[in-house]
Amino acid sequence: MTIAIEKLNAYYGELHAVAGVNMVIPERAVTALIGPSGCGKSTLLRCINRMHEIVPGASVVGSVRLDTADLYAPDADPVAVRARVGMVFQRPNPFPTMSIAENVLAGFRLRGERLSRSEAETKAEQALRSANLWDEVKDRLKSAGTSLSGGQQQRLCIARALASKPDVILMDEPCSALDPASTQAIEELLDTLRIEHTVVIVTHNLSQAARVADRVAFMATIGAGDGGHLIEYGTAQQMFHDPVQPATQDYIAGRFG
Amino acid sequence: MKTSTPLPTKTTATTIRINTRRRVADRGFTLAVIACGVLAVIPLLSVVWTTVSKGLGRIDVAFFTQSMRGITDAGGGALHAIMGTLLITCAATLVAVPIAIGSALWLVEYADNATTPAIKTLARTVRTVIDVMAGIPSIVAGLFVYAVIALTVGPGYRSGLAGAFALVIIMVPVVERSGEEVLARVPAELHEAALALGVPKWRVILKVVLPTALPGLVSTLLLGVSRIVGETAPLLLVAGFTDSMNYDLTSGRMVSLPVYVYSQWQNKGVDAAAYDARAWSAALVLLLGVVLLHTLARLIVRGRKQ
Ligand SMILES: Nc1ncnc2c1ncn2[C@@H]1O[C@H](COP(=O)(O)OP(=O)(O)OP(=O)(O)O)[C@@H](O)[C@H]1O
Ligand SMILES: [Mg+2]
């Protein structure tokens with residue numbers, strides 16, 4: 001499912017956080033958003049599943065389309081949009097009142113969609129397998145989700161997002177709270193996720209972006225109070241070896257940000 | 001000699017001295033804190049001890065199966081007061097908790113995120129009203145209900161329900177404030193996680209916020225019940241006093257345990273010792289009831305968790 005972002009501007013009250021972004025994010029690929037802190041990467045990401053607007057006073061102007069569906073059409077329901085797009089956060093956030101299995105199926109349960117017992121078992125196993133977590137937790141599905149390690153919790157959150165079969169998966173610095181081994185586990189997972197999903201990942205780790213991303217978008221603020229712009233967008237190969245914009249060159253070379 | 005002492009040794013010596021001093025200070029402070037703790041517990045233990053030792057005397061079958069109807073000396077019981085406390089407390093809790101938790105939810109989950117000036121003003125007003133309510137002395141709450149009843153139903157009307165309403169006024173601010181704190185402690189990340197799964201906000205509140213906050217909300221409930229279960233003055237005013245059973249909250253005088261204690265103490269008959277004994281036993285029953293309630297609530301929360 002292709003994501004087409006057009007003339008997107010996002011605000012927190014008066015603050016302009018994302019300024020005039022146009023980009024097409026291809027399906028079945030991993031796209032990385034990189035850029036200095038505060039340039040609006042998370043904000044842009046959260047515009048793709050209409051999570052931006054839950055912040056009091058926040059607003060969005062412009063359009064985001066998933067294939068042909070305009071997410072910001074007047075009759076589009078943000079709740080329905082979010083159900084179709086999976087999101088993984090910086091810090092693992094399993095529901096503390098739920099077991100591992102319940103966490104995986106939390107989407108269905110919280111939305112009030114009933115599953116038969118066999119359906120639930122299959123879905124939970126599938127999602128946990130896709131998140132490379134099944135072997136580690138298959139004997140303790142009933143224990144609390146919060147009893148897992150940080151890296152396992154993050155994969156549990158990925159499984160929770162995958163269980164609802166989203167076409168798009170958004171990840172906001174999913175590895176920044178994790179140790180190297182868990183980070184590697186998630187990077188390997190990204191390799192399989194790209195086969196069926198459109199993956200957008202925000203990362204501060206350029207070597208991670210180089211390892212996992214097919215395409216890379218570099219964002220930065222140009223002037224003060226001007227919001228984050230999309231400076232350059234291309235294949236990972238081109239962005240890391242042959243960036244065109246001086247700002248991109250500086251950032252990649254570690255000269256700012 | 002002094003000048004020839006190697007520098008490292010000197011440093012070590014200094015370090016050791018400082019450590020010793022620090023350890024002494026640490027010990028001293030620890031002891032002081034423990035002493036404060038003990039000091040705080042002594043009055044409590046003394047109260048419990050006095051109540052238990054003096055109250056055990058009338059813990060017998062009659063005490064739990066009889067009222068005071070027609071009793072003028074020894075004998076009799078507190079069944080009517082126990083029932084009265086149960087009925088009035090339950091009624092007050094059933095009315096107060098939904099109001100209190102409802103407004104806490106509204107304030108924390110909706111009003112605090114609102115950008116509309118009207119809603120912000122309303123939220124500020126609600127908070128002010130609750131703060132004022134929290135400062136109302138319980139006798140004034142009783143007088144308020146008394147006045148309302150006198151103006152509507154008539155000055156002579158007494159009932160358990162009227163007493164319950166006075167207790168609602170006392171209970172709502174306690175439960176609301178503590179509930180607000182408990183609800184605000186539910187991590188924002190859990191909200192986000194649920195919203196991002198495509199869950200409507202009201203379901204997030206029902207299925208994520210409330211279950212996550214449940215242990216805290218149970219404590220809140222207990223705090224509220226503990227606050228009202230020992231109230232005497234407002235009940236004396238609007239629920240009145242009686243020696244007889246009354247299971248009907250809506251009409252007739254209804255006595256509660258604290259009021260029973262008070263009246264036994266205040267209006268002693270010829271056999272004063274019998275009245276004293278009943279007063280202490282009623283106090284003990286009240287104490288045990290509160291302890292039992294706390295234990296039950298803890299067990300329920302723990303049972304749900306695993
Ligand atoms: N909840 C919020 N309320 C107000 N302003 C916000 C909020 N979240 C972010 N901002 C502001 O919006 C701008 C963009 O923030 P955003 O979080 O999108 O940056 P980012 O690129 O993700 O940064 P980082 O790499 O540090 O995560 C920043 O100036 C930030 O201060
Ligand atoms: Mg961010």
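A note on names: the letters A, B, ... follow the listed sequences, proteins ahead of strands, and every chain is numbered from 1. Computed from a predicted model, the values in this text were never measured in an experiment.
In this structure, Arg109(A) and Lys207(B) have side chains that are not in contact, with every pair of non-hydrogen atoms separated by 4.5 Å or more. When side chains are defined from C-beta on, Glu192(B) counts as touching Ile54(A), because their heavy atoms get closer than 4.5 Å.
Counting non-hydrogen atoms of neighbouring residues, nucleotides and ligands closer than 6.0 angstrom, the CZ atom of Arg84(A) reaches no more than 12 such neighbours. The number of heavy-atom neighbours closer than 6.0 Å to CZ of Phe108(A), taken from other residues, nucleotides and ligands shown, is above 12. Annotation for Phe165(B): atom CZ does not count as buried by contact number, only 12 or fewer foreign heavy atoms lying within 6.0 Å. With a 6.0 Å radius and a threshold of 12 heavy atoms from other residues, nucleotides or ligands, Lys138(A) has its NZ atom above the threshold.
Heavy atoms of Arg91(A) lying under 4.5 Å from chain B belong exclusively to its side chain. Both the backbone and the side chain of Leu110(A) come within contact range of chain B, each with at least one heavy atom under 4.5 Å from a heavy atom of that chain. For Val88(A), no part lies under 4.5 angstrom from a heavy atom of chain B. For chain B, the nearby part of Pro94(A) is the backbone; its heavy atoms alone come within less than 4.5 Å.
Atoms CG and CG, from Asn49(A) and Leu195(B) in turn, are 10.0 Å apart once rounded to the nearest 0.5 Å.
Across all non-hydrogen atoms, the minimal contact from Phe89(A) to Ala193(B) is CE1-CA, 3.9 Å. Shown here for Pro56(A) and Asn113(B), the closest heavy-atom pair between the two residues is CB-O, 3.1 Å. Shown here for Ala196(B) and Met87(A), the closest heavy-atom pair between the two residues is CB-CB, 4.0 Å.
Interface remark: of the candidates Thr115(B), Leu206(B), Leu190(B), Leu190(B) forms the most heavy-atom pairs closer than 4.5 Å to chain A. Comparing Arg50(A), Arg46(A), Arg82(A), Lys142(A) by how many heavy-atom pairs each has under 4.5 Å with chain B, the most go to Arg82(A). Between chain B and the options Pro166(A), Ala161(A), Gly13(A), Gly112(A), heavy-atom pairs under 4.5 Å are most frequent for Gly112(A).
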